[in-house]
Amino acid sequence: MKKKMFSKFSNILHNAVEALAPQLSLKEEFVHHWKSVTAFFMDNKGQKLPIDQTQIPEHLEQMVVLLKEEELNAELDSTGPCMEYLLQHKLLDTLYSLGRTDHPPGMKQIVLQFFTKLLSRLKQPILAHVSVHRAVNRLVKACGEVQAAPTESEEIQFLCTVCSLIKSTPYLVNFFIEVPKLNSDARKTSLTKDAPRPETGAGHMAQSADIPANSPDTRTTHITSPNTANGPCSTGRNFSLMNSLLSLSHSADSRVAVKACEGLMLCSSLPEETAASWIIHDTRFCTEMTQRLIEAYLKLPAFISPADLENAEAKWGLDVITESEDHKTFLGKRHLVSFLSWLDYCDQLISIANPMVAKSLAKSIRELFLNVIMEPSVLQASEAGATLATAYLNRCLRTVCSPELLSEFCFFILGHERLPEQIGETTPEIRHRLIERCNHLSEELSLVTLKLFDTLLQKDDEHIMHNLVLRNLLGRNYYKVTPVVSEEVNSAQDKEDNSKTPNDTSLGKEDNIKQDSKEKPSVNRSSSRTEVHKIVNCFLALLPEQLKSSYQTADSGYDMYLRDAHKQYRHICEMTDPWSWPKEPVVIKRFVVDDFYEGAFLRMLLDKMSHLLEQSYPVNLQLTSVVARLALLPHPNLTEYLLDPFLPVTDGTRTLFAVFQKLSSEIRNKLHAQSDLSQQLVNVRRQLMGTSTNLHHKNPYRKTTRYQTRYEDQNQLEAIIVMEEFCKELSAIAFVKHHSEVNRPS
């Protein structure tokens, strides 16, 4: 108590003396404050007063104020006497040494605050000065050394200040990259080591040890020892700023961790190739980001309802479950939100990172997480485990938006193949197994796999559409040229002939089969306008009137399908425009094969459409959603194959309309004898659709209440309703695509 009173009295006396002292120049006042700081350490060597009981914080604060005042009064690009004194006498080096000892207790915190204020308040580019960046770099390395340190907040504030300066002046990053000194003999060896190297990853590590990248030994190495591949000790080079930020990103204080992640984003987005190369090869950045993703994935709940997983929302930086969510939470939600938040962070980081860093991190996630952790989970024999793993993969795919990471996910699921698919092709295994599972006996597994493909088809990646569908249609082997036998066929044939005009596309001019058009474009479009009504009527007339229940519920819903199709088609056209798809059907020579094969994915969809009456309502709903997404794609080969009932096809070729015709005949044969069929369809429609008439706006997880009547052939009645609605949706898509084609500039 006496010491505190004496300290306060000393402060008052000191302030009074300063007030009565004569006016000093800025430099004299600056030197006075600095000498007051150093004098404390000379006079109080044996004492251990806490920093807040000394005058050191006030003196250092006044030094920053004087430097700022000097800068405001100085001429442009000139260094004042106070700044010259600070630089010449290496004040920052001295302060670093004082902060490193943390004597008196709390000194490190005050030094960090001084450095932060000095760098953030002054507009002069002082960081480039050797006596500044040397001390700053030494202080950077002192950050993050101790987990849960009392100075974490000051450390991250200091590091973020340094990051912002480097972001505005990227070349400054080179001051924080340390290269070990080499003697003359070692320099010759280093020349080869500094040459561009392949990016480190699971494959590269496995090759160096002659071990397959997906062997069990390699998997264990990747998970348990992530730092062996690209840790800072591998070359002796040190990127201090990145290493300190990585350490603080593990802080238990979420605010510190988020700011550290923001700093990592800034560093990884620097345009300097040198910095990007060192981040990849000389820090544990890529491996640690992936390792944290793996750790979060392994904590995910072993059971979760599809609805909870579907509705879970998580964005990086907002990893908080609110009170309102607490009332409706489920077991494992915190771990799910944590995993999705970190995946979202990695995705955001890749989207803004230097291309070299983005590619390396995406490959690391592919090789260490997808190949090693996710693939065995998805391919496991257990139905329940495979269903859950596929649901998690689908949720990951929904989160990913960055082109680099999305490409790695697509290559992981679909492979790299772009040439026509052959019958019986089973590589890659995960693609083959996923397509097979769409016809699995387990409805849950079939449904979740269809959802995965539905998500894939919504992604902005050309390889998805090409790999799944287009590579087997670009040869146009499904099309059969037939002689003219009637006026109606002649009109359809003229349409096809006109559609085969040469097109300059990204697929290559030399691969197009060139034919002269028989009519002018304007006549072609007029003829096409006539044909679209036939196409629309063909789909709408597939079911007889007595099997249509929508007209008996006051609203057919067709206008809503038109509006939705127009909105979705416009969005898809904007997405596919950069892919330079042709405007008319084309034949690409390298895709021409002897016998037409639609590919495993299209064959699976047509098979499932033919079994519509035998499948549950949720499966049929998801199936039609996938087919509708394909029908919306603005590729002319796919459009005519799916939406043109008059298309002449080769023997043995199935089209969507042919499957519907067969299904319609089956429905008539099975249900024609029921007298009250129309009323049953109306009742079932009201149960399924409620007040909405749009098929794909309904929730497939909605359960039937005990007060609703279930008929003996309820599944078949639901399938008829699905087919009726889907025919309206396809006719609306055909009309919208035709309307867009007619209004397209010549």
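Small disclaimer: the values here were computed from a predicted structure and weren't measured.
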Looking at CD1 of I667 and CG of L613, how far apart are the two atoms once the value is rounded to the nearest 0.5 Å?
-> 5.0 Å

Taking NZ, NE, NH1 and NH2 as the nitrogens, is one of them in E725 or K728 under 4.0 Å from a carboxylate oxygen of the other?
-> yes

Member of W579, F591, W581 meeting the ring-ring contact (aromatic ring centres under 6.0 Å, His included) criterion with H466 | F591

When every non-hydrogen atom of K737 is compared with those of L633, the smallest separation belongs to NZ-O, 2.8 Å

E729 versus T624, side-chain donor and acceptor atoms under 3.5 Å | no

Modelled atom types, side-chain donor and acceptor of N683 and Q687, under 3.5 Å | no

Main-chain N/O of D308 paired with S305 side-chain donor or acceptor, under 3.5 Å = yes

To the nearest 0.5 Å, how far apart are CD in Q615 and CE in M609?
-> 8.5 Å

Residue pairs passing the salt bridge (charged side-chain N to carboxylate O under 4.0 Å, His left out) test where at least one lies in residues 426-436, sequence neighbours excluded | E421-R431, E429-R433

Scanning both residues in full, the closest heavy-atom pair of C410 with L456 reads SG-CD2, 4.4 Å

Carefully, step by step, assess H635 and L474 under the rule side-chain contact (heavy atoms from CB on, under 4.5 Å).
-> CA-CA 10 Å; H635 195 289; L474 291 176; 3.5 Å; yes

Is the closest side-chain heavy-atom distance between C346 and I365 below 4.5 Å?
-> yes

Distance-only, no hydrogens or angles: does the Q680 side chain make a donor-acceptor pair with backbone N or O of L717 under 3.5 Å?
-> no

Look at atom CG of L331 and say whether more than 12 heavy atoms of other residues, nucleotides or ligands are closer to it than 6.0 Å.
-> no

Is the side chain of K608 donor-acceptor paired with the backbone N or O of C438 at a distance under 3.5 Å, no angle test?
-> yes

Residue pair A389 / Q380: nearest heavy atoms and the distance that separates them = CB-NE2, 4.4 Å

Closest approach of T655 to Y641 (non-hydrogen atoms, all atoms of both residues) = CB-O, 3.9 Å

Determine the minimum heavy-atom distance between R437 and A386, stating which atoms define it.
-> NH1-CB, 3.7 Å

Ignoring hydrogens and angles, state whether a donor on the side chain of Y478 or E640 is under 3.5 Å from an acceptor on the partner side chain.
-> yes

So, do L388 and F303 sit near enough that their side-chain heavy atoms are less than 4.5 Å apart?
-> no

Check: L368 and Q291 side chains under 4.5 Å, non-hydrogen atoms | no

How are the rings of H463 and F411 set to each other: parallel, tilted or perpendicular (split at 30° and 60°)?
-> perpendicular

Using atom types as modelled and distance alone, determine if a side-chain donor or acceptor of E598 lies under 3.5 Å from a backbone N or O of R654.
-> no

Would you indicate whether F735, at its atom CZ, is surrounded by more than 12 heavy atoms from other residues, nucleotides or ligands within a distance under 6.0 Å?
-> no

Heavy-atom side-chain contact between C401 and S351 under 4.5 Å = no

Reported CG-to-CG distance for the pair L612 and N620, which is rounded to 0.5 angstrom | 4.0 Å

What are the two closest heavy atoms between L663 and M723, and how far apart are they?
-> CD2-SD, 3.6 Å

So V448 and L445, side-chain contact (heavy atoms from CB on, under 4.5 Å) or not? Walk me through it.
-> CA-CA 5 Å; V448 75; L445 185 55; 4.2 Å; yes

Have S402 and D347 got a donor and an acceptor in their side chains that come within less than 3.5 Å?
-> yes

Could you tell me whether E417 atom CD has more than 12 heavy atoms of other residues or ligands within 6.0 Å of it?
-> yes

Please check if the side chain of S446 supplies one atom and the backbone of S442 the other of a donor-acceptor pair under 3.5 Å.
-> no

Pair Y297-S377, side-chain contact (heavy atoms from CB on, under 4.5 Å): steps then yes or no | CA-CA 11 Å; Y297 178 79; S377 300; 3.9 Å; yes

Should we say atom NE2 of H440 is surrounded by more than 12 heavy atoms from elsewhere, each under 6.0 Å from it?
-> yes

Would you find a donor on one side and an acceptor on the other, under 3.5 Å apart, between the side chain of K459 and the backbone of V400?
-> yes

Answer yes if the side chains of E443 and S616 hold a donor-acceptor pair under 3.5 Å, and no otherwise.
-> yes

W342 side chain to T290 main-chain N or O, any donor-acceptor pair under 3.5 Å?
-> no

Has L419 got more than 12 heavy atoms of other residues, nucleotides or ligands less than 6.0 Å from its CG?
-> yes

For residues 613-632, which residue pairs qualify under salt bridge (charged side-chain N to carboxylate O under 4.0 Å, His left out), counting only residues two or more places apart or in two chains?
-> D454-R629

For the residue pair F539 and F657, is the inter-centroid distance of their aromatic rings smaller than 6.0 Å?
-> yes

I would like to know whether L542 and Q661 meet side-chain contact (heavy atoms from CB on, under 4.5 Å); could you show each step before the answer?
-> CA-CA 7 Å; L542 277 169; Q661 281 183 314; 4.0 Å; yes

Supply the atom-to-atom distance L468 CG to L602 CG, rounded to the nearest 0.5 angstrom.
-> 8.5 Å

Would you find a donor on one side and an acceptor on the other, under 3.5 Å apart, between the side chain of N394 and the backbone of T390?
-> no

Looking at side-chain heavy atoms only, is the closest gap between Y569 and C573 below 4.5 Å?
-> yes

Would a 4.5 Å heavy-atom cut-off, applied to side chains only, mark L730 and L656 as touching?
-> yes

Nearest-0.5 Å distance that lies between atom CG in L473 and atom CE in M465 = 14.0 Å

Decide if atom CG of D577 counts as having more than 12 heavy atoms of other residues, nucleotides or ligands within a radius under 6.0 Å.
-> yes

What distance do T455 atom OG1 and L397 atom CG have between them, rounded to the nearest 0.5 Å?
-> 6.0 Å

Can you tell me which residue pairs pass the salt bridge (charged side-chain N to carboxylate O under 4.0 Å, His left out) test with a partner in residues 394-414, sequence neighbours excluded?
-> E310-R398, R366-E408

